[in-house]
**Student:** 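Right, I'll just put the structure down here and ask away after.
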Amino acid sequence: MLKLLSSTSRQIHTHFTSPCLRVATESQPSSFLKSLSLLTGLSQRGHKSPIFYQRAFFCSDSSSGDGGDGGGIVEVEVRSGASETEAEGGAADASNSSAIVPTSPRPEDYLTVLALPLPHRPLFPGFYMPIYVKDPKLLAALQESRKRQAPYCGAFLLKDEPDTDPSVVTGSESDKNIYDLKGKDLYNRLHEVGTLAQITTIQGDQVILIGHRRLRITEMVSENPLTVKVDHLKDKPYNKDDDVIKATSFEVISTLRDVLKTSSLWRDHVQTYTQHVGDFNFPRLADFGAAISGANKLQCQEVLEELDVYKRLKLTLELVKKEMEISKIQESIAKAIEEKISGEQRRYLLNEQLKAIKKELGLETDDKTALSAKFRERLEPNREKIPEHVLQVIEEELTKLQLLEASSSEFNVTRNYLDWLTALPWGNYSDENFDVLRAQKILDEDHYGLTDVKERILEFIAVGKLRGISQGKIICLSGPPGVGKTSIGRSIARALNRKFFRFSVGGLSDVAEIKGHRRTYIGAMPGKMVQCLKNVGTANPLVLIDEIDKLGRGHTGDPASALLELLDPEQNANFLDHYLDVPIDVSKVLFVCTANVLDTIPNPLLDRMEVVSIAGYITDEKVHIARDYLEKATREACGIKPEQVEVTDAALLALIENYCREAGVRNLQKQIEKIYRKIALQLVRQGAIIEPAVPVAELDAEKVESIETSTESVEVSSNKQKNETLEEAEIVHTDQTPEEAEIVQTDPQPDNVQSPLDQPTDSKDTTETEKIEESEGTKAVDKVLVDTSNLADFVGKPVFHAERIYDQTPVGVVMGLAWTAMGGSTLYIETTQVEQGDGKGALNLTGQLGEVMKESAQIAHTVARGILLVKEPDNLFFSNTKLHLHVPAGATPKDGPSAGCTMITSFLSLAMKKPVRKDLAMTGEVTLTGKILPIGGVKEKTIAARRSEVKTIIFPSANRRDFDELSPNVKEGLDVHFVDDYGQIFELALGYDENEKK
C-alpha cells in the first residue's frame, strides 16, 4: 500500500492473535489489488491450519508515478490464530505492545468516564492528540485516574455555537469561552459520539491522548468535573468479500498513495499509526484517511459517527479526493513560483549579458559612466567660476569612482560626496537690489517701526550701490520676544532680492550641525551652511540664524566656538566643512542673527557681530501695527468681512494698555485673534438661527444677504417696537455669554419711508406685508461693535492696571524707571519712618531686592546724610531715625544700580518733609561722591514713563545720545533733563518753594 507501512515497523509477537508487519526487500512485482486482499485477510479461503503466514507486497516506488518497478517492496506477514472466528473477534481490539499498554480492567469495561472537550477536531482510534486542560479539577481527576491504573477518559468534539460558521477560524476569545464551559453547559455542547482515549502522559496542563474505540454518551453522572455514562460502539457487520467495499478501499489506498508522494508529513502518520495499531483493515483504513485529511471538524465527526463500514469508506474517499485536489493546487502554486523565480534569474542574466555586449560594441555606457557624465554635466555651466583646487578634487573623485565596484560601500560614499560637490552654487550669485526707495517701500509694507533695523539695511544697500558689488555682513538683532526679529529677516531678503534660508541653533549641542560630519561615518552629512547653499542655489543668500543666545554645549563640542569661523569676516572666505573638506567662500552671505539677551552670547562670538537693539514698540506704534497689520490678517484668517465687525480705537488702546504691555506684539496678536474668533462664533450662531426663518422666495437678493441676527435680538426688539424707533434700537444679549457684544443698527429707516420690502412682489394680502414690515427692523443687523464697554467680554478681565499708584506722591515716595523683559516699567521707591530717638539711625530694606540694589540703597543712605548735612546742618534726622525702604510689587525680583538717585531723593523727601513733583520720574546710578553714572534701557524706560503720564524725566548726561537716537514719536511731549551729579537732581525734585507745591 505505497508507503503505508514504514520500513521501521516491527513484527508484533504477543499471545493475542494479532497482525504483524515487516519489510521485505524483494523486488519481484505483484498485483496491488492482490496485496490489499492479502493485507486485510480477505483472501484467506479455507485455511484450516492453526498457524500460517500470508505475505503481501506493496510497491513503494517514489520515483515512478504509476507504482511500477524500481522501488522497494513492503512485505506484510499476517499471522492468524487457530480459528478464523477468533481472528475476527480479536483483531478489532488487538493492540500494539509498543504503545497501547494493556490495563486491567480492559478498556471495554469502562462505562463511566471523564468527558474531555475537543475544540478543533475529533480524536480517531489509533491517533495521538495533545490537548490543554485549563480546569484544575478536571486535571486533578485525570492525574488521579492515571495513578489508579485506569488511564482512560472520553474525548468528545464540541459543537459550534449557534449562528456561527464552522469554516471561519476562531481566535483566542473563543478558546477562552470554551475553557469557561462547565457542567450542564459543557454537556449540552458535546457531540454524542466520541472516542475512548488512553492518557499516556500529563505535563503541566498538557495531556496526551491515544484513541481506542468509539463511544456514545448516554447520560451525565456529575458536573464538576464532567463525568458521563457511555456505551461502547462497534462497527456494523459487513462482508469482507464484497466487491464494492474492496473497490472503494482500493480507490482510497490509490488516492492516499498519490497524496503521500507529495507530503512527507503523511508518511510519518503512516509509520506512527502502524506501530501503535497494527495492519490496516477496512474500518481502520477509513479512520486513517479521515484523520490525516484536512477536512473540517464536522466532516471528520461525520466519519467518526458512521458505523457502517462501506459508508465510512465512501466518506473517507471524498475527503482524500479533496486532499488530492489540494495537493495538485499546491504543486501548481509551487511550480508557478519556481518558474517565476527562474524567469527572473534568467532575465537578470540576459540583461547582464546584454549590457556587456552593448558595452563591448560601444552602444551603451554602464552606471558608473552615466554617473560621471551627470556630474560633469553639472559642472559645465560654472566650470570657469569653480576654484581650481575644487576642480582638482572633483576630477580625482571621478577617476576614483570609475575604479570602484558598484557594490562596494566606498562607491556610495564617493558618489554622495561628488553629488554634494557638484550641487553647490560655485560662484553663482543672485542679482541684488540697489534701489534704496524700493527697499524702503518693501520694509515698510511688512513692518511698522523698527527704524534702526531698516536704516541699517538701507545703509547696506547704499554701500553696495557705491561699490558696485554685493558684500556680506554679520548683523545681530537683539530684543525682547515678539518685536519682529525673525519675521523681518524674510522682509530684508525680499528687499535685497536675495534668497532666504533660516535655521535655529537654540539648544544645538553638536558641532557637526555647523561644521558637518567626517565622511568616514555612516550617514555623514555636511553642515547647515553647506545644506543652505545647496537649497537656495546661490552663493549670496540671506541666512537667518535664530536664537543664537540659546546655543547649547555637550559632549560633541561647543557650537558657539564652531560659529566663530562661520561668522568671522576674515575667515569665512575659506570656510572649511568637515564633510566636503574643501574651502567654501561664504563671505558674500548676509548673516542675520537673533537673540533675546546678549549676556549669554560668548564674548568672542559677540565681538564678530554688529548688534542692532530692538527695544520694542510704544503704545502708538502698537495701535498702528494692530490696525494696519494684525487686525487685517486676523480678519482674513477668520473669514470675517470688514463690514461685519468694527473694533474702535479706544478698544485697541485699552487692549494694549490693560492686556498687552510687553515690548513685542505677539501677545497682542493672540488677543486680537481671540476677539475675532469669538465674533466669528457669534456670527455663525446668528446665521444658523436666522437662515431657516427667512422667506428667501419673498425677499430681494440684496436683502437676503444683509440679514444676520439672533433669536434673542429678535425677541427683544419685537417687544420694544411699540415704544422705540428703529434709530434708537439697541439690541443687547440677555444671556451674558462671552460672545456678548453691542449690536448697532447702522442703516435705519424712518417709519414714514416705505422700503422695497413694504411693497408686495406678488398678489399677497396686506397681513403678510405687515408681518414683513414688523420683522424688518430686527433682522437687518450689519456689524458687531467692539469698544471699551464690552472688551472684557471678549478677552476677560484686565491683566494690568494703572502703573501710577499715587495721584499726588506723598512725602518719601519717588517714581523711578526700570528695565524689564516686557520692555520697561515705572518703579516706586517708598521710605517711611519707623521710630525716632537718639542714636537709633538705621535702615531696613524690603521688596525682594537683589544684592546690587541693596548696595545701592546703602550708598543712597550715605549720600543722603551728607547732602542733608549741607542743606540743613541742624537736622539730625538720619542719625536719630530708623527708616524702612520698600519697593512695591514684592513678588517680583528686582536688581540693578539704576535706582540710586531715586533712593536718595526718597530719603531726602522724608527727611525734609517735602513731596516730589507728581509728574517726575528719574533713573541713574549714583556714586558715594554724588556723581550720576549712565544706565541702560533708555528707550524702554522712556516708553514706561509715557505710559504712566510722566511729563519730566531725569537721565544721566552720558545717556543723552541714546535718547537723541529715539524716534520723535517716542520723545514727543516729554521734558527730559540730563544731569551729572545729584545736586542737579535735588534742585529739580526738591528745590522748589513751599508756595509752588501743588
Side-chain angles (χ1 to χ4, degrees), residues 420 472-483 485-489 500-535 541-587 589-614 663-664 666 819-821 850-852 893 895-896 936:
W420 280 100
K473 275 292 179 181
I474 298 96
I475 301 174
C476 179
L477 305 180
S478 171
V483 296
K485 301 184 299 296
T486 303
S487 60
I488 200 171
F500 178 78
F501 185 85
R502 171 192 172 275
F503 69 93
S504 176
V505 294
L508 188 70
S509 60
D510 190 359
V511 174
E513 293 290 333
I514 306 297
K515 299 277 289 180
H517 303 84
R518 300 288 181 183
R519 291 199 306 275
T520 54
Y521 298 120
I522 296 175
M525 289 284 289
K528 287 290 185 183
M529 196 62 234
V530 177
Q531 297 178 33
C532 161
L533 296 178
K534 180 182 178 181
N535 289 340
L542 185 147
V543 178
L544 181 70
I545 304 177
D546 221 351
E547 310 293 351
I548 198 170
D549 59 326
K550 300 175 182 63
L551 276 169
R553 187 170 187 172
H555 66 281
T556 51
D558 183 12
S561 301
L563 283 173
L564 294 177
E565 179 185 3
L566 181 63
L567 299 182
D568 190 346
E570 299 298 327
Q571 300 182 43
N572 59 13
N574 294 294
F575 175 71
L576 187 65
D577 185 87
H578 289 161
Y579 183 86
L580 296 183
D581 206 23
V582 293
I584 305 173
D585 183 10
V586 293
S587 60
V589 177
L590 175 58
F591 293 97
V592 178
C593 307
T594 67
N596 295 125
V597 292
L598 301 177
D599 300 340
T600 57
I601 301 177
N603 288 332
L605 182 59
L606 185 63
D607 182 63
R608 285 163 168 77
M609 298 186 293
E610 180 182 350
V611 179
V612 178
S613 298
I614 304 176
R666 184 172 291 136
W819 178 92
T820 66
E851 292 297 325
V852 177
D895 203 1

**Student:** How long is the straight-line distance from CD1 of I548 back to CG of L508, given to the nearest 0.5 Å?
**Tutor:**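 If I round to the nearest 0.5 Å, the distance is 10.5 Å.
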
**Student:** List the residues meeting side chain to side chain donor-acceptor pair (under 3.5 Å) with S587, not counting sequence neighbours, and say none if there are none.
**Tutor:**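 If we apply the side chain to side chain donor-acceptor pair (under 3.5 Å) test to S587, skipping adjacent residues, the hits are D585.
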
**Student:** Hey, could you give me the NZ/SG distance between K485 and C476, rounded to the nearest 0.5 Å?
**Tutor:**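 These two atoms lie 9.5 Å from each other.
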
**Student:** Looking at residues at least two apart in the chain, or sitting in another chain, which of them share a side chain to side chain donor-acceptor pair (under 3.5 Å) with D895?
**Tutor:**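 Scan of D895 (side chain to side chain donor-acceptor pair (under 3.5 Å), adjacent residues dropped) gives none.
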
**Student:** Could you list the residues that satisfy side chain to side chain donor-acceptor pair (under 3.5 Å) with S504, not counting sequence neighbours?
**Tutor:**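 Side chain to side chain donor-acceptor pair (under 3.5 Å) check on S504 returns nothing, list empty.
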
**Student:** The criterion is side-chain contact (heavy atoms from CB on, under 4.5 Å); which residues satisfy it with P583, sequence neighbours excluded?
**Tutor:**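 For P583, the residues satisfying side-chain contact (heavy atoms from CB on, under 4.5 Å) (neighbours in sequence not counted) are H389, N574, L576.
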
**Student:** For residues 591-614, which residue pairs qualify under salt bridge (Lys or Arg N to Asp or Glu O under 4.0 Å), counting only residues two or more places apart or in two chains?
**Tutor:**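 Passing the test, one end in residues 591-614: R456-E610, D568-R608.
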
**Student:** Are any side-chain N or O atoms of N572 and backbone N or O atoms of L566, one a donor and one an acceptor, separated by less than 3.5 Å?
**Tutor:**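 Yes; at least one donor-acceptor contact below 3.5 Å.
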
**Student:** Mind checking what makes side-chain contact (heavy atoms from CB on, under 4.5 Å) contact with N535, not counting sequence neighbours?
**Tutor:**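 Only F501 meet the side-chain contact (heavy atoms from CB on, under 4.5 Å) criterion with N535.
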
**Student:** Applying salt bridge (Lys or Arg N to Asp or Glu O under 4.0 Å), which residue pairs with at least one partner in residues 515-532 are found, sequence neighbours left out?
**Tutor:**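 For residues 515-532, and leaving out neighbouring residues, the salt bridge (Lys or Arg N to Asp or Glu O under 4.0 Å) pairs sorted by first residue read K515-E565.
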
**Student:** Side-chain polar contacts of residues 589-598 - donor-acceptor pairs under 3.5 angstrom, sequence neighbours left out - could you list them?
**Tutor:**
unit_1	atom_1	unit_2	atom_2	d
T594	OG1	D546	OD1	2.2
T594	OG1	E547	N	3.1
N596	OD1	K550	NZ	2.6
N596	ND2	G479	O	3.2

**Student:** Nearest 0.5 Å, please: how far is CG in L533 from CG in L580?
**Tutor:**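 Interatomic distance, L580 CG to L533 CG, rounded to 0.5 Å: 9.5 Å.
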
**Student:** For the atom pair CD1 (I514) and CD1 (I545), what is the distance rounded to the nearest 0.5 Å?
**Tutor:**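 Nearest 0.5 Å value for the CD1-CD1 distance: 7.0 Å.
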
**Student:** Sequence neighbours excluded, which residues qualify as side chain to side chain donor-acceptor pair (under 3.5 Å) partners of T600?
**Tutor:**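 Expected list: none.
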
**Student:** Hey, does the side chain of H578 reach the backbone of H517 with a donor-acceptor pair shorter than 3.5 angstrom?
**Tutor:**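 Judged by distance alone, no pair lies under 3.5 Å.
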
